[in-house]
Amino acid sequence: MDSIPTLELVTHGVAKGGDAVARDSEGRVVFVDGALPDERVLVEITETKKGFARGRVLEVLEPSAHRVDPLCAEVNNGCGGCDMQIATVDHQRDLKVKVVTDALERIGKIPTDQLPTLSTVTLPESGYRTNVRCVVVNARPGFRSRGSHDSVIVDGCDVAHPLIQDLLGSAGSKSAKFDGCTEVTLRVGAATGDRMVIASPNAKYLSVPDDVIVVGADELAEGKRAWIHEEVAGRTWRISAGSFFQTRPDGAQALVDEVRKSIGVLPSDARAFDLYGGVGLFAGTVFADDTRVIMVEQNESSVADARINLADLDTTIVRSKVETWSPRRADVVVADPARQGLGRNAVSRIAETDAPVVVLVSCDAASLARDAGLLARKGYQLDTVTLVDLFPMTSHTETVSRFTVS
Ligand SMILES: C[S@@+](CC[C@H](N)C(=O)[O-])C[C@H]1O[C@@H](n2cnc3c(N)ncnc32)[C@H](O)[C@@H]1O
């Protein structure tokens, strides 16, 4: 039988995704799952590629001063949901700042002396998620285990909002079971108390408490609509099963505050684009009354919600892909793309607006860095970056960046 290749390594850095970075005796980079920077660890090599390898910690020989025992029992059971619970929350944030800064330098090619110092916005680290996707095994909800496609059935989830905790716990009880499901998405409105379960492949056999709105993926595919409501920034938001909304309402509020700050003061009768507008969160909150706001969003469900959510405002809602929309001159562009970021075509559309200010909300450090590089080639200089720590206990980064014409 082949023995498992193991190495003793000293880690020195952190990579996107939360893995620590080390070098083996031949100088090859090894990404180490379960380690923090500045640790001596025994590592099982799980994957070897031409220029690098991946491994996971078998034993921590000399721990980082920032290492702690995970708060959530499910992490020790193998749950892969929160990959940063092994570090103090402050250190998690420091590591995320480093990941973003490194990416901007390495991928975005922003010279070190032109890199703004990142500011951070902190938010509570438990009970925050109002949207959780679970795998289901034998009618019980769970999460993918760390580094594999196996599932870990959970009795709770520390980062889930109490309204979701209740559904996770109750799923194992007599009154609520996710029978017949392979996957469920649980969405709640923290302020309204609304709860919804989206069940795959269908909701035929599932039973949940009476207040919970239930819809099957099969019904959604046939055009059925189901939604909850949430309150953020003094407005009520209809959020349909097929629409994006930020994973936590206090995080949505923090993003609204940061985006508004980054926009600054616009001339009267300014024109603003809110690209990748979702259900209208920024279009409905961050602009002055006399600004003409045009929101662009491709998703049909989100556009339908936005038309309801922004009905009292004079916002123009355009259903289109950003890449194929026809830009006009603008005073500011706000863009909040999905994980893959803007890319070359969307950056070209933005540049065609001649907007002197672009505010980019980004949920991926590598996409942010690539987009910062693309914007720099169109004459936009990176002024400010704020890490809004929407996802404590995980390595996910969320940033609000302001670019101005250089
Ligand atoms: C990260 S969400 C942001 C939504 C909104 N800004 C918010 O904060 O709630 C990204 C949105 O972009 C939309 N989207 C994804 N790709 C798009 C594209 N190519 N063109 C236009 N919208 C797109 C998605 O449907 C989603 O609503």
Side-chain angles (χ1 to χ4, degrees), residues 121 123 129-131 133 185 187 189-190 220 227-233 235-263 272-287 293-310 313 315-327 332-350 352-353 358-368 370-371 374 386 388 390-391 396-401:
V121 173
L123 293 162
R129 281 197 80 115
T130 51
N131 183 348
R133 199 164 88 186
T185 298
R187 294 186 97 166
L220 290 175
W227 54 71
I228 57 166
H229 288 91
E230 180 60 288
E231 287 166 18
V232 171
R235 295 183 68 87
T236 300
W237 304 96
R238 186 181 92 172
I239 307 162
S240 292
S243 304
F244 173 90
F245 199 71
Q246 302 293 344
T247 354
R248 54 187 301 170
D250 57 355
Q253 176 70 60
L255 290 175
V256 164
D257 294 342
E258 279 308 311
V259 169
R260 191 186 285 131
K261 199 160 76 186
S262 300
I263 290 170
F273 284 110
D274 175 24
L275 307 181
Y276 309 89
V279 303
L281 180 67
F282 299 135
T285 57
V286 300
F287 301 106
V293 183
I294 299 135
M295 186 191 113
V296 181
E297 163 65 47
Q298 74 164 7
N299 176 268
E300 186 183 0
S301 168
S302 302
V303 166
D305 288 340
R307 292 198 194 286
I308 300 288
N309 294 333
L310 307 179
L313 302 175
T315 311
T316 303
I317 299 169
V318 178
R319 183 168 174 223
S320 168
K321 278 186 172 234
V322 169
E323 296 82 344
T324 51
W325 134 87
S326 305
V332 67
V333 173
V334 173
D336 180 12
R339 187 140 294 159
Q340 60 268 32
L342 298 171
R344 197 173 298 279
N345 290 336
V347 166
S348 293
R349 297 294 84 73
I350 289 172
E352 283 158 25
T353 66
V358 173
V359 179
L360 177 60
V361 182
S362 175
C363 57
D364 184 273
S367 316
L368 162 68
R370 181 211 52 209
D371 292 340
L374 291 169
T386 303
V388 181
L390 287 194
F391 309 104
H396 293 295
T397 57
E398 182 87 17
T399 51
V400 178
S401 309

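In listed order, ligands and their atoms are each counted from 1. Along the sequence shown, the residues carry numbers beginning at 1.
Nearest to atom 18 (C) of ligand 1 among the protein's heavy atoms is Tyr276 CE2, 3.6 Å. Of the protein's non-hydrogen atoms, Val322 N, 2.9 Å is the one closest to atom 20 (N) of ligand 1. Ranking the protein heavy atoms by distance from atom 25 (O) of ligand 1 puts Glu297 OE2, 2.6 Å first.
Within a 6.0 Å radius of CD in Glu323, more than 12 heavy atoms belonging to other residues, nucleotides or ligands are found.
Between Val334 and Phe273 the shortest side-chain heavy-atom distance does not fall below 4.5 Å. The shortest distance between side-chain heavy atoms of Ile317 and Glu297 does not fall below 4.5 Å. Looking only at side-chain heavy atoms (C-beta outward), Trp325 and Leu275 come within less than 4.5 Å of each other.
Residue-ligand proximity, Lys321 to ligand 1, at heavy-atom distances under 4.0 Å covers atoms 20 (N), 21 (C). Atoms of ligand 1 lying under 4.0 Å from at least one heavy atom of Phe282, given by number and element, are 6 (N), 8 (O). Close contacts between ligand 1 and Asn299 involve ligand atoms 25 (O) [criterion: under 4.0 Å to a heavy atom]. In summary, the atoms of ligand 1 found under 4.0 Å from a heavy atom of Leu281, numbered by their order in the structure, are 8 (O), 9 (O). Under a 4.0 Å criterion applied to the non-hydrogen atoms of Ser320, ligand 1 contributes the atoms 20 (N), 21 (C).
Residue Arg129 comes nearest to Asn131 through the heavy atom pair NE-O, 3.0 Å, listed as atom of the first residue, atom of the second, then distance. Across every non-hydrogen atom of Leu310 and Gly280, the tightest pair is CD2-O, 3.7 Å.
Heavy atoms of Pro337 found under 4.0 angstrom from ligand 1 belong exclusively to the backbone. Residue Asp336 touches ligand 1 through backbone and side chain together, judged by heavy-atom distances below 4.0 Å.
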Decide side chain to side chain contact (heavy atoms under 4.5 Å, CB included) for Leu374 and Leu342; before the verdict, give the C-alpha distance in whole Å, the side-chain angles of both, and the deciding distance to 0.1 Å. CA-CA 9 Å; Leu374 291 169; Leu342 298 171; 6.0 Å; no
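When Glu398, Gln298, Gln246 are ranked by how near their heavy atoms come to atom 8 (O) of ligand 1, first place goes to Gln246.
Using a 30° and 60° split on the angle between ring planes, Phe245 and Trp237 fall in the tilted class, from 30° to 60°.
Considering backbone and side-chain atoms alike, Glu323 places an N or O below 3.5 Å from some N or O of ligand 1.
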